[in-house]
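Some notes on the structure that comes next.
These numbers were taken from a predicted model, which means no experiment stands behind them.
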Amino acid sequence: MPRDVSVRFILAGLMLPFALSACATAQMHPPEELSAVGRACGAAEGEVIQDAEEKRILFLYAVHPPQAEVHCLALWARRHHLHLAYVDAVNFQGQ
């Protein structure tokens with residue numbers, strides 16, 4: 001077998017895991033893991049959730065969170081094949 005053919009097989013074998021990881025499906029993360037990630041990024045308990053019906057979205061419900069917190073959660077979401085949906089929760093005082 002010529003050397004350039006074997007190199008192609010090796011390169012194809014190395015590229016396969018990368019190609020498959022790009023097609024990875026989102027999974028549900030346990031509430032404990034989401035709480036730990038939220039705490040690490042500065043979010044309060046219960047502000048970071050994942051809905052079972054839309055597993056690809058990580059939700060952040062917070063009142064004016066710092067940009068660093070949103071950025072931290074967005075990076076974590078991207079590493080886990082999720083999209084961060086940021087909902088700026090507003091406290092409404094009824095009359």
Checking Gln50 side chain against Gln27 main chain: does a donor-acceptor pair fall under 3.5 Å? yes

Please find the pair of heavy atoms, one from Met28 and one from Ala52, that lie closest to each other, and give the distance. SD-CA, 3.7 Å

Taking every heavy atom of Gly42 against every heavy atom of Glu69, the minimum-distance pair comes out as O-OE1, 3.2 Å

Partner set under side chain to side chain contact (heavy atoms under 4.5 Å, CB included) for Tyr61, not counting sequence neighbours: Ile49, Phe59, Val87

Give a yes or no on whether Leu82 and Tyr86 share a hydrophobic cluster (residues Ile, Leu, Val, Met, Phe, Trp, Tyr; joining criterion: side-chain heavy atoms under 4.5 Å apart). yes

Atom of Ala85, atom of Ile57 and distance for their closest heavy-atom approach: CB-CG2, 3.5 Å

Side chains of Val48 and Leu73, heavy atoms from C-beta outward: is any pair under 4.5 Å? yes

Per the salt bridge (Lys or Arg N to Asp or Glu O under 4.0 Å) rule, what does the pair list look like for residues 37-51, sequence neighbours excluded? Arg39-Glu45

Check: His29 ring centre within less than 6.0 Å of Trp76 ring centre: yes

Kindly compute the distance separating NE2 (His80) from CG (Leu75), expressed to the nearest 0.5 Å. 11.5 Å

Just so I know, are the side chains of Leu60 and Pro65 near enough to count as touching, which here means a heavy-atom distance under 4.5 Å? yes

